[in-house]
Amino acid sequence: MKNIIAIDGPSGVGKSTAAKRVASLLNWSYMDTGAMYRAVTLALLRTNVSIDDKTGLKRVLASLDYKQLGELFFINGEDVSEAIRNSEVTKNVSAVSADGSVREALVRLQRELGKNGKWVVDGRDIGSVVFPDAARKIFLTASQEVRAQRRFLELKAKGIQTTFEEVLKDQVRRDHIDSTRDISPLRKADGAVELDSSNLSLEEVVDIIISYQNYIPALNSRTHRHYKT
Ligand code: DC
């Protein structure tokens with residue numbers, strides 16, 4: 001699929017910031033698949049339906065009208081952009097995204113959207129499952145400490161009270177669930193280029209992803225580590 005750039009990687013690695021920037025520079029659309037899993041989680045929390053209640057889950061999935069318009073996310077017409085980032089959703093989203101019927105519904109939606117236009121898509125299974133024939137596949141990584149530090153500073157800037165240790169602990173827990181679940185665990189897709197962003201600025205990550213536009217066949221399946229001197 002010439003119209004898809006897939007960016008996968010663990011939480012807090014800066015995928016969405018990089019993906020948004022790449023999309024804007026190329027004049028492509030950006031699809032935030034994590035926001036979709038968050039929207040389902042929010043809908044379940046609001047209706048008090050547990051992920052183990054399969055009938056309730058089916059009902060919630062069937063009634064969910066989800067839309068992304070630029071940076072804004074809507075459920076049944078309501079702007080939930082802020083709500084899907086709250087701590088309750090963040091705490092529960094890994095368990096929700098491990099469910100097979102949730103994944104099936106959202107992968108279907110992602111493929112449907114991907115049929116038209118040009119997309120930079122970020123998530124965990126984009127290059128491996130959703131769009132295995134994407135034109136470009138990036139597996140973005142960074143060390144646990146760097147990711148937790150970035151997330152900690154982000155939360156602090158938003159005035160959210162937390163500690164670095166708490167953020168790190170929650171990140172390790174989420175990484176574990178995301179990478180050990182049975183269905184579509186987080187992993188580097190076949191043919192993806194691994195990019196370690198621990199020592200890179202956002203602009204450097206974006207420049208490298210855009211430069212892969214030209215060189216990707218030669219770089220397939222290799223790991224690239226870029227360090228500032
Ligand atoms: O990227 P994020 O933190 O907003 O993602 C929220 C959760 O959704 C996270 O636990 C991983 C999961 N997710 C997933 O399983 N598959 C995707 N394609 C995107 C996100």
Side-chain angles (χ1 to χ4, degrees), residues 1 4-23 30-45 51 57 61 64 66 68 71-73 75 80-114 119-132 134 137-142 144 147-148 150-152 154-155 158 160 162 167-189 192 197 205:
M1 297 180 86
I4 305 280
I5 295 177
I7 304 181
D8 289 302
S11 321
V13 76
K15 291 185 301 295
S16 62
T17 317
K20 268 182 227 163
R21 188 94 186 96
V22 170
Y30 163 60
M31 194 192 302
D32 181 343
T33 63
M36 296 180 181
Y37 288 93
R38 289 173 177 274
V40 172
T41 308
L42 179 67
L44 289 170
L45 287 169
I51 189 67
L57 175 62
L61 285 174
L64 195 80
Y66 172 87
Q68 180 188 334
E71 306 245 330
L72 299 178
F73 306 94
I75 302 179
V80 292
S81 316
E82 291 264 313
I84 58 169
R85 309 279 166 206
N86 76 31
S87 58
E88 204 50 27
V89 169
T90 302
K91 207 160 29 161
N92 287 284
V93 67
S94 282
V96 172
S97 60
D99 181 273
S101 53
V102 172
R103 299 207 74 83
E104 200 184 301
L106 294 186
V107 168
R108 199 180 316 123
L109 173 63
Q110 291 153 18
R111 288 184 179 148
E112 205 48 50
L113 290 171
W119 294 90
V120 181
V121 189
D122 82 337
R124 305 295 190 286
D125 60 342
I126 307 306
S128 58
V129 174
V130 186
F131 299 116
K137 298 187 202 178
I138 313 292
F139 192 68
L140 195 58
T141 63
Q144 283 281 8
R147 290 193 283 131
R150 286 178 188 161
R151 179 91 187 117
F152 171 61
E154 227 175 77
L155 292 171
K158 284 186 188 162
I160 297 169
T162 185
V167 173
L168 181 63
K169 200 171 136 201
D170 187 54
Q171 180 182 276
V172 169
R173 181 186 70 83
R174 290 175 60 199
D175 277 2
H176 179 74
I177 302 178
D178 292 345
S179 55
T180 58
R181 67 184 177 215
D182 290 339
I183 312 164
S184 311
L186 170 68
R187 65 170 179 85
K188 183 179 156 196
S197 74
V205 169

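For ligands, and for the atoms within them, numbers begin at 1 and follow the listed sequence.
For the pair D122 and ligand 1, the shortest N or O to N or O distance does not fall below 3.5 Å.
The protein non-hydrogen atom at the shortest distance from atom 12 (C) of ligand 1 is S97 OG, 3.5 Å. Of all protein heavy atoms, the one closest to atom 6 (C) of ligand 1 is R38 NE, 3.8 Å. Counting protein heavy atoms only, atom 10 (O) of ligand 1 is closest to S94 OG, 3.1 Å. The protein heavy-atom contact nearest to atom 8 (O) of ligand 1 is Y37 CB, 3.6 Å.
Those atoms of ligand 1 with a heavy atom of D178 less than 4.0 angstrom away are 9 (C), 10 (O), 11 (C). Of all atoms in ligand 1, numbered sequentially from 1 with element shown, those under 4.0 Å from a heavy atom of T33 are 17 (C), 18 (N), 19 (C).
Not one N or O on the side chain of R38 forms a donor-acceptor pair closer than 3.5 Å with the backbone of V93. K15 contributes no side-chain N or O that, together with a main-chain N or O of I7, makes up a donor-acceptor pair within less than 3.5 Å. Side chain of R187 to main chain of S179: no donor-acceptor pair is present (N/O by atom type, distance under 3.5 Å, no hydrogens or angles). For the pair K188 (side chain) and F139 (backbone), a donor-acceptor distance under 3.5 Å is absent.
Note that OG of S184 is 11.5 Å distant from CG of D178, once rounded to the nearest 0.5 Å.
Here the shortest heavy-atom distance to atom 11 (C) of ligand 1, taken over R103, R174, R124, belongs to R124.
Put simply, no part of M36 is less than 4.0 Å from ligand 1, judged by heavy atoms.
Side-chain contact between L106 and T33: absent, with no pair of heavy atoms (C-beta onward) separated by less than 4.5 Å.
With a 4.0 Å heavy-atom cut-off, ligand 1 is reached by no atom of M31.
When only modelled atom types and interatomic distance are considered, S11 and R124 share a side-chain donor-acceptor pair under 3.5 Å.
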